Visitor: 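My questions will all concern the structure given below.
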Amino acid sequence: MKNTVFTICAKNYIGLALALEKSIKKHNIDVDFFVFVADEFSLEEELKNLPDNVIIAKDAIGISEAKWQQMSFKYDITEFCTSIKPSCFKYVLEHFSPNACIYFDPDILVFNSLDTIFNQLDQKSIIVTPHITTIERIYTGNLNERNLLFSGMFNLGFLALKNDESAKKMLDWWEIRLEDRCFQNMMENYFTDQKWMDFLPSFFPTQLLISSDLGLNVAPWNFFEREIVNIDGAFFVKNRIEKEVNNFYPLTFVHFSGYNYNALVNGDIVQGNIKNFEGYKDFNEIFEIYANFIRESDFLKYIKLGYSYNYFSDGIVISKIYRGLFRRLLEDEKINSNPFDEKGGFYLSLKSSKILNTHMQKIDKVTMDSVANIEHKTIMINKILSFVFKIIGANKFFMIVRLMRSYSKIENHVYLLNKDYFKQFKIRS
């Protein structure tokens, strides 16, 4: 039985997935590779020309039509692609019966044999990699520690499973939770599929391997602790912080998370997820290699394709605000129609409540860093709140402030759509 690797992406990232495949095959000729596409193709997008190892997830992994509609609407693109990960794992294990299976995010490039990982699965059922491995009294990483606490201890851009009962038990548990709790939400302590993995050391103390191999899952959040060394044309990783330690790990794979891949094709390195990210010169050659792999794949053929689940049936873009409101109605069992349908109940309720408009998606991109004149606006808000404080007093003021934190959640404004919530409404914290 062959070992297997797969990835999941929307159709615009198929080119990245094919670059990943090429890098895997360069070093692992006996590994099967599959691309699960969490998206749909129009007739104009030439579905017939897809590579044979591309699997349209909706048609294969056994999620019902109704559940698929609900999940693809309430989740954004990242949340949705990760929410079906356990189902894709189960499909691979059941249909291809490999000894072991690895999941990689599509924005990964493999630089070496994967045998080290597969061989470890002879003894273990599950392998994960922590975001960072080096303890520092004064932390020097580029991604702050609060973000690491929010996202979880392990990065799920990589997960390796043995085809055994422990892995299957974990997948059954994980799959159920990701149907409804695969959001990226700091208030609720969810980070897509990833935060759930913090349970694994407790659930599988003997079957789980937390790998400290610095050559696995090298990524922007751990560049600060991992130095790339080229020895006679082969890449190795050593600890950048503990300079007295001379252990060299073969570079197995790099996770190019958060980069602008269009820019990378043109020779520019632009990191979008970590503010004020510091580049490291020892990674320059690695980025050049990745850019070449992307250029030689069909990246440009796919990258401009639109994500199917970003639009209502009439073409209006679906804002995260709409997704959050639908999520609340769905959880409260107040809706059962197709949320994408312009003639459906959810769409019509958005329209009649004057929430639906063609510019709402711009609100999704607003942050404290991007608001114009944020300092002036903050001063004005402080003055207004100061006036309210004088009128109602300290006790009521701070009670209201604590309550208003919950109102920053879109789901708690569902009363705008359904007047029944004026009669009975439970705040979701």
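None of these values were measured; they are calculated from a predicted model. Values below: every heavy atom of this structure, side chains too, minus hydrogens, waters and symmetry copies.
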Visitor: Would you mind checking if D32 and K2 are paired as a salt bridge, meaning a charged N to carboxylate O distance below 4.0 Å?
Guide: yes

Visitor: Test: salt bridge (Lys or Arg N to Asp or Glu O under 4.0 Å). Region: residues 339-361. Which pairs qualify, not counting sequence neighbours?
Guide: none

Visitor: Using ring pair (Phe, Tyr, Trp, His ring centres under 6.0 Å) as the criterion, list what pairs up with H95, not counting sequence neighbours.
Guide: Y91

Visitor: Can you see whether E175 engages S87 through a side-chain donor-acceptor pair at a distance of less than 3.5 angstrom?
Guide: yes

Visitor: Do we get K334 above Y421's six-membered ring, with its NZ or CZ under 6.0 Å from the centre and within 45° of the axis?
Guide: yes

Visitor: Establish, from distance only, whether the side-chain atoms of E227 and N239 form a donor-acceptor pair under 3.5 Å.
Guide: no

Visitor: With E136, which residues qualify under side-chain hydrogen bond (donor to acceptor under 3.5 Å, both in side chains), at least two apart?
Guide: T140

Visitor: To the nearest 0.5 Å, how far apart are CG in L330 and CG in N336?
Guide: 9.5 Å

Visitor: Side chains of N99 and F118: does their closest heavy-atom pair fall under 4.5 Å?
Guide: no

Visitor: What I want to find out is whether E331 reaches R181 closely enough, with some N-O distance under 4.0 Å, to be called a salt bridge.
Guide: yes

Visitor: Is the shortest heavy-atom distance from the side chain of S23 to the side chain of F111 under 4.5 Å?
Guide: no

Visitor: Tell me, please, which residues at least two apart from D420 pass salt bridge (charged side-chain N to carboxylate O under 4.0 Å, His left out).
Guide: none

Visitor: Side-chain donor-acceptor pairs under 3.5 Å in residues 255-268, sequence neighbours left out?
Guide:
residue : atom : partner : partner atom : Å
H255    : ND1  : N155    : OD1          : 3.3
H255    : ND1  : N217    : OD1          : 3.2
H255    : NE2  : D105    : OD2          : 3.3
H255    : NE2  : D107    : OD1          : 3.2
N260    : OD1  : N262    : N            : 3.1
N260    : OD1  : A263    : N            : 2.9
Y261    : OH   : D107    : OD2          : 3.0
Y261    : OH   : F256    : O            : 2.7
N266    : ND2  : N262    : O            : 3.2

Visitor: Could you check whether F183 and Y75 have their ring centres less than 6.0 Å apart?
Guide: yes

Visitor: What I want to check is whether the side chains of Y280 and N142 have a donor and an acceptor closer together than 3.5 Å.
Guide: yes

Visitor: Establish, from distance only, whether the side-chain atoms of S125 and Q207 form a donor-acceptor pair under 3.5 Å.
Guide: no

Visitor: Say whether S319 and Q361, considering side chains only, have a donor N or O and an acceptor N or O under 3.5 Å apart.
Guide: no

Visitor: Taking the six-membered ring of Y322 as reference, does the NZ or CZ atom of R327 fall below 6.0 Å from its centre and within a 45° cone about the axis?
Guide: no

Visitor: Any chance the side chains of N338 and Y347 put a donor and an acceptor closer than 3.5 Å?
Guide: no

Visitor: Taking the six-membered ring for Trp, are W196 and F199 parallel (under 30°), tilted (30 to 60°) or perpendicular (over 60°)?
Guide: parallel

Visitor: Looking only at side-chain N and O atoms, does K11 offer a donor or acceptor that is under 3.5 Å from a partner on S308?
Guide: yes

Visitor: Mind telling me whether F340 and Y309 have parallel, tilted or perpendicular rings, with 30° and 60° as the class edges?
Guide: tilted

Visitor: State, without any angle test, whether S83 and E179 hold a side-chain donor-acceptor pair at a distance under 3.5 Å.
Guide: no

Visitor: Check this for me: does any side-chain nitrogen of one of E65 and K58 sit under 4.0 Å from a carboxylate oxygen of the other?
Guide: yes

Visitor: Go through the structure and list residues passing ring pair (Phe, Tyr, Trp, His ring centres under 6.0 Å) with F154, not counting sequence neighbours.
Guide: none

Visitor: As a test of understanding, state which of F224, F223, F277, Y290 forms a ring-ring contact (aromatic ring centres under 6.0 Å, His included) with F283.
Guide: F223

Visitor: Look at the aromatic rings of H131 and W221 and report parallel, tilted or perpendicular, splitting at 30° and 60°.
Guide: perpendicular

